[in-house]
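A note on names: the letters A, B, ... follow the listed sequences, proteins ahead of strands, and every chain is numbered from 1.
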Amino acid sequence: MAEITKSYEPQEVEKKWYAAWMAANAFAGKEDPAKQPYTIMIPPPNVTGVLTMGHVLNNALQDVLIRRARLEGKAALWVPGTDHAGIATQTVVERELRKEKKTRHDLGRDKFLEKVWSWREEKGGIILKQLQALGASCDWSRTQFTMDPAYSKSVLGVFIDLYKKGNIYRGKRMVNWCPVSHTALSDEEVIMKPTKGFMYQVRYELVEQPGHYIEVKTTRPETIPGDVAIAVHPDDPRYATLIGKKVRRPLGPVAEIPIIADQAVDKEFGSGALKITPAHDKVDYEIGQRHKLPAIDVLNHDGKLNDLAGPELAGLDRFAGRKKAAELLKESGALVKEEPYENNVGYSERADVPIEPRLTWQWWLKYPRVEDAKAAVMEGHIKFYPERWSKVYLHWLENIQDWCISRQLWWGHRIPVWYRKGLEKESLTEADLRDPTKVHVSLEGPPDKDNWLQEDDVLDTWASSWLWPFATLGWPDEIAMAKAGYGYFYPTTTLVTGPDIIFFWVARMIMAALEYTHPGQPLSQCVPFKNVYFTGIIRDGQGRKMSKSLGNSPDPLDLIAKYGADGLRFGIISMAPQGQDIRFQEDRIESGKNFCNKLWNACRFRQMSGPMSDNSSPAKIYARLTSEQFDADDHAIIDRMLATTREVDRCFAEFEFSAAVHALYGFFWNDFCDWYVEVSKTKLQTLELKGNCLAIQDLVLRQTLLLLHPFIPFITEELWHELGYAGPEPVDGGAPRAFIEDVRLDHASQMASTGMLHGLTINYEAAAEIQRIKQTVSLLRALKAENGEAANKQVEFVVEGADRQWATVEANLAKLKRMLGASSITRSTTIPGGPVCVTAHGSWTLIRQLKGDPAVERARLTKEIEALAKHIAGTEARLANVTFVSKAPPAVLEGARKQLAELQAKKTENERLLAGLG
RNA sequence: GGACGUUUAGCUCAGUUGGUUAGAGCACCUCGCUUACACCGAGGGUGUCGGGGGUUCGAGUCCCUCAACGUCCA
């Protein structure tokens, strides 16, 4: 076997293994009755999207879960795919068209859709390829797209079913209108933002009392031509006599409008009088309905004012119109005051412009299974991590509103409704909608299509992705379901997503699943997933959200090129504790890369230390252990290995990925590399100890690679083969016979019992002794450094201590010499003079050519004694406290007493040394 | 206005049910290329645990309150 390179070079390794995994079909989710299923459905990224840091975190974690599941012997399935992302994708393609000075209307619906599809063909795969570079082990043969024929069929089928059940209806209601995308939006797609503008105080002259006015405040004077009334509170004494009278509209076509009384008016706001513009405000619309007032729509769908606004305003954009309206009011003297004002304005999530409340015909969905959806989470059939998000989820369900599912777009699932030609769509009644001679609803459409017109609107994208967990498994086609393993893989195990789409996606998937999967079964069988892990949101170093416009989002592919996919994965996971937003720091990614390099070199050291023996199975490695040769370090490292395994088990059970990574980092770097490998170096020089020592390294490295593999799959796969854990490799250099995921990762308890089976019992006394030896080494290294001796300078130590202490030193002499950089360690009955330090293993003097200054020594010892005295005083005080002694648990009490004794002994020894200095 | 989260070393953050002298990574300083790794090793911390109050033998941890910042919902 060729010696591996001095530093880890990820590029070739990553390319090689991803190709090998794909060639071996290693990611295929295969039904296996002997195994437990573990299923994840990817949150489908936008088909035209590119990989962001958010995707990296999210998908790295899914890959961690899936790879760990494979190692645990489960039948893992990770289904990938993309979302057609209606508005986002249509906007991108329209932007391209605009470069040719064209709009989608120039092309027409069919031609435009062709264009989007070809755009999708061209750019659609990019993000999935990028996920592969990250190492994502999805079953790519199952890649889905929300507009695939089969998927579309299930989306439209659900529409038809819910229509038939009466959950879907058509209605003219106030919606959030995006004047840029020219479509309605759901409430969830509207972002409230504080926005600076002006508050205009406008007076309306009373018709019956010329020269007298009523004043109102508004931020939107351009809508005054749409005013149909002035409303006041019925109990407001200021206006009691005016109710029923009329005012003149101060802008737009001349009109007299009534003063009405309505409970909804806030007496405290402004003058207590409210202008009522039913076409442009939700509250006004409701008041208008109550008073049977007309709605005058002065805006077009693109946000420009129309003829109803009057000749001065018609044709102006709403913002220009606002300015103009203010000027006109000022000229006519109707504007009383204009002052800067900040209020919350709803913005379109996609186009980032203020939305317009607009009265339009739309399709609405009354959500099914709302109560069951609450119960599923409250009763624990679905668990949220962190748990607190369940409160947000439940609160939303408590206040749930009907969902506007129609969009005035072309890219999406066109609503499967046909209207008989000649009918006026806008005047259809509820009864007409249920009359099959007037309105046809089906997948195939009416047989005589020429006599019908299909609905122009498409469905909200989320009204397709809410079926994702089961439509991706072939639902509702029974043959496809059987082929996909629906019965086996569903319900899925874990969903990994961001809390920002709890309403958009998570809650809706739950309701859809409860309505459509495993009807008649208990809730636990119908839920779409059992666990939901919410990642944090990745922010930049200053805590800002990462966004294209700020340019503060690093390109993950650059990071992969620089640090390797494993380094990126390790780094990002290490900085992402459960439930917290993440401040991105590139140095953590670098640290991930460094860790990979450390792992690489530790394995390289193993390779250089001696010939590789048979590592092909744990039994083979255990057979090479000679337990009679075990020293304290051997016991300690195996103890730590089991403890780390146990900790990682716990982290997976509780979805604490960054904690798992930290545990592995600390164990491998500190316990194994900094200590065990270093002490190994003396043993490896002794022929009879070498075999056992290398076998222990092989055992520990094997377990480390297994535990790390889900996080850093490429390098661990490479090293797994390099160190022979995969068994004999093909001689012709062909495809490997086995992968790391073909073996079984035992849990800590299973590992411990396997060890016992092979005659391995951990001596915990010995393992604890190593902790004390480490402390001693630490103290003496510091003594050297303080006295200006370089770490690698070989120095002499003289030890004065009890027989028991010296026995320990003698038993560990070789390793102590190596770890301390000591040319000799000898026992003495006196303190020879010079820098000296009290340890658990006696008082150690550093022998130097030039003796240290006694004054410096005295100062050092005095300081040490003072620190000890302070600590002793504190402990004594606690032990002297009667209530502490009577109430504290015995273990705590005993610990305090033991500690006090040790501190006192140490202090006494230091005092003796001080006295010896004279 | 309501809900949730955060506030611990210069920076970014851990700190599991209350229990020794509160930790890590990075940055910084000193020394060192010692037969894996300089992407490394050894050593180096003086922190009002946001402020105030309370419960307790004992509080970074539990309770109350205030403040700042952030997010979501109205």
N/O to N/O distances under 3.5 Å, protein versus nucleotides 33-35 of chain B:
| residue | atom | partner | partner atom | Å |
| --- | --- | --- | --- | --- |
| B/U35 | O4 | A/R818 | NH2 | 3.3 |

Look for any protein N or O under 3.5 Å of an N or O in nucleotides 43-48 of chain B and output each such pair with its distance, or none.
| residue | atom | partner | partner atom | Å |
| --- | --- | --- | --- | --- |
| B/G43 | OP1 | A/S778 | OG | 3.4 |

Pairs: protein N or O with nucleotides 72-74 of chain B N or O, under 3.5 Å:
| residue | atom | partner | partner atom | Å |
| --- | --- | --- | --- | --- |
| B/A74 | N6 | A/N344 | ND2 | 3.2 |

When you compare the protein's N or O atoms with those of nucleotides 22-28 of chain B, which come within less than 3.5 Å of each other, and at what distance?
| residue | atom | partner | partner atom | Å |
| --- | --- | --- | --- | --- |
| B/C26 | O2' | A/D587 | OD2 | 2.8 |

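Regarding A/I538, its CD1 atom lies at a distance of 12 Å from the P atom of B/C13, rounded to whole Å. Between the CG atom of A/N597 and the P atom of B/G41 there is a distance of 10 Å, rounded to whole Å. For the pair A/N601 CG and B/G41 C1', the interatomic distance rounds to 13 Å; values are reported in whole Å. Residue A/K562 contributes atom NZ, which lies 13 Å from atom C1' of B/C39 at whole-angstrom precision. Put simply, CD on A/Q794 is 15 Å from P on B/G32, counting in whole angstrom units. Atom-to-atom, CZ of A/R583 to C1' of B/U7 comes out at 11 Å; the value is rounded to the nearest Å. Summarising the geometry, the separation between CE on A/M612 and P on B/A36 is reported as 17 Å, rounded to the nearest angstrom. Remark: C1' of B/C39 and CH2 of A/W600 are 14 Å apart, rounded to the nearest angstrom.
Contact check on A/K562 versus A/E590 returns no salt bridge, with no Lys/Arg side-chain nitrogen under 4.0 Å from an Asp/Glu carboxylate oxygen. Using a 4.0 Å cut-off between charged nitrogen and carboxylate oxygen, A/E722 and A/R604 do not count as a salt-bridge pair. For the pair A/E894 and A/R897, the salt-bridge criterion is not met [side-chain N within less than 4.0 Å of a carboxylate O]. Remark: A/R772 engages A/E769 in a salt bridge, criterion side-chain N to carboxylate O under 4.0 Å.
Taking the P atoms as reference points, B/U61 lies 8 Å from B/G50, given to the whole Å. To the nearest whole angstrom, the two C1' atoms, one in B/A3 and one in B/G54, are 25 Å apart. Taking atom C1' in both B/C11 and B/U56, one finds a spacing of 36 Å when rounded to whole Å. Across the C1' atoms, B/U55 and B/G70 are found 31 Å apart, a figure rounded to whole Å. As rounded to the nearest Å, B/C4 and B/G25 have C1' atoms that lie 29 Å from one another. Rounded to whole Å, the separation between the C1' atoms of B/A74 and B/A68 comes to 23 Å. When the P atom is used for both B/C49 and B/G60, the distance is 8 Å, rounded to whole Å. Comparing B/G23 with B/A9, their P atoms are spaced 14 Å from each other, to the whole Å.
Nucleic acid contact for A/C596: none, since no nucleic acid atom lies under 4.0 Å from a heavy atom of the residue. Contacts of A/L684 with the nucleic acid, taken as non-hydrogen atoms under 4.0 Å apart, are absent. A/A896 comes within 4.0 angstrom of nothing in the nucleic acid, heavy atoms only. Heavy atoms of A/K793 sit nowhere under 4.0 angstrom from any nucleic acid atom. Counting any heavy atom pair closer than 4.0 Å across all strands shown, A/E656 reaches no nucleic acid atom. If you check every strand for non-hydrogen atoms under 4.0 Å, A/W669 touches sugar and phosphate atoms only. Residue A/P889 is in base contact, counting any heavy-atom pair closer than 4.0 Å across all strands shown.
A distance of 6.0 Å or more separates the ring centres of A/F384 and A/W389.
In this structure, B/C49 makes no Watson-Crick or G-U wobble pair, since no nucleotide meets both defining distances under 3.5 angstrom. B/G18 is unpaired under the criterion used here, namely a Watson-Crick or G-U wobble arrangement in which both key atom distances are under 3.5 Å. With a cut-off of 3.5 Å on both pairing distances, the Watson-Crick or G-U wobble partner of B/U6 is B/A68. B/U30 is paired with B/A42 under the Watson-Crick or G-U wobble criterion, all donor-acceptor distances under 3.5 Å.
Qualifying salt bridge (Lys or Arg N to Asp or Glu O under 4.0 Å) partners for A/D281, counting only residues two or more places apart in sequence or in other chains: none. With sequence neighbours left out, A/K282 forms a side chain to side chain donor-acceptor pair (under 3.5 Å) with no residue at all.
Scanning atom types as modelled, no donor and acceptor separated by under 3.5 angstrom connect the side chain of A/K6 and the base of B/C37. Counting distance only, with no hydrogens placed and no angle test, the side-chain atoms of A/E789 and the base atoms of B/A42 include no donor-acceptor pair under 3.5 Å.
Taking the side chain as every heavy atom from C-beta outward, A/Y665 and A/S591 approach each other to under 4.5 Å. Side-chain contact check for A/V392 versus A/F503: some heavy-atom pair is nearer than 4.5 Å. Residues A/R388 and A/F534 have side chains not in contact (no heavy-atom distance under 4.5 Å, counting atoms from C-beta outward).
Ranking B/C57, B/A36, B/C39 by closeness to the A/F884 side chain, first place goes to B/C57. Side-chain atoms of A/A790 lie closest to B/G32 of the nucleotides B/C40, B/G32, B/U20. Side-chain atoms of A/R650 lie closest to B/U16 of the nucleotides B/A36, B/C57, B/U16.
A cation-pi arrangement is absent between A/K784 and A/F797, since the terminal nitrogen or guanidinium carbon is not both under 6.0 Å from the aromatic centre and inside a 45° cone about the axis. Geometrically, A/R508 engages A/W403 in a cation-pi contact, judged by NZ or CZ lying under 6.0 Å from the ring centre and within 45° of the ring axis.
When all heavy atoms are compared, the tightest approach of A/K817 to A/S823 is CE-O, 3.5 Å.
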Run the side chain to side chain contact (heavy atoms under 4.5 Å, CB included) test on A/T497 and A/I502 for me, step by step, so that the C-alpha distance in whole Å, both residues' side-chain angles and the decisive distance to 0.1 Å come before the verdict. CA-CA 9 Å; A/T497 191; A/I502 288 184; over 6 Å; no

Evaluate the side chain to side chain donor-acceptor pair (under 3.5 Å) criterion for residues A/Y676 and A/D634: first the C-alpha distance (whole Å), next the side-chain angles of each, then the deciding distance (0.1 Å), finally the verdict. CA-CA 8 Å; A/Y676 190 79; A/D634 297 331; 2.5 Å; yes

Under the salt bridge (Lys or Arg N to Asp or Glu O under 4.0 Å) rule, what do A/K774 and A/D674 come out as? Steps first, then yes or no, please. CA-CA 11 Å; A/K774 281 184 181 177; A/D674 288 348; over 6 Å; no

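For A/K391 and B/C4, the shortest distance from a side-chain N or O to OP1 or OP2 is below 4.0 Å.
Surrounding NZ of A/K681 are more than 12 heavy atoms belonging to other residues, nucleotides or ligands, all under 6.0 Å away.
Annotation: of the two residues near RNA chain B, A/D674 and A/E647, the 5′-most nearest-nucleotide partner is A/E647. Map A/K593 and A/G788 each onto its nearest nucleotide of RNA chain B; the residue landing nearer the 5' end is A/G788.
Side-chain atoms of A/N399 come within 3.5 Å of backbone atoms of A/H395 as a donor-acceptor pair (strictly under, hydrogens ignored).
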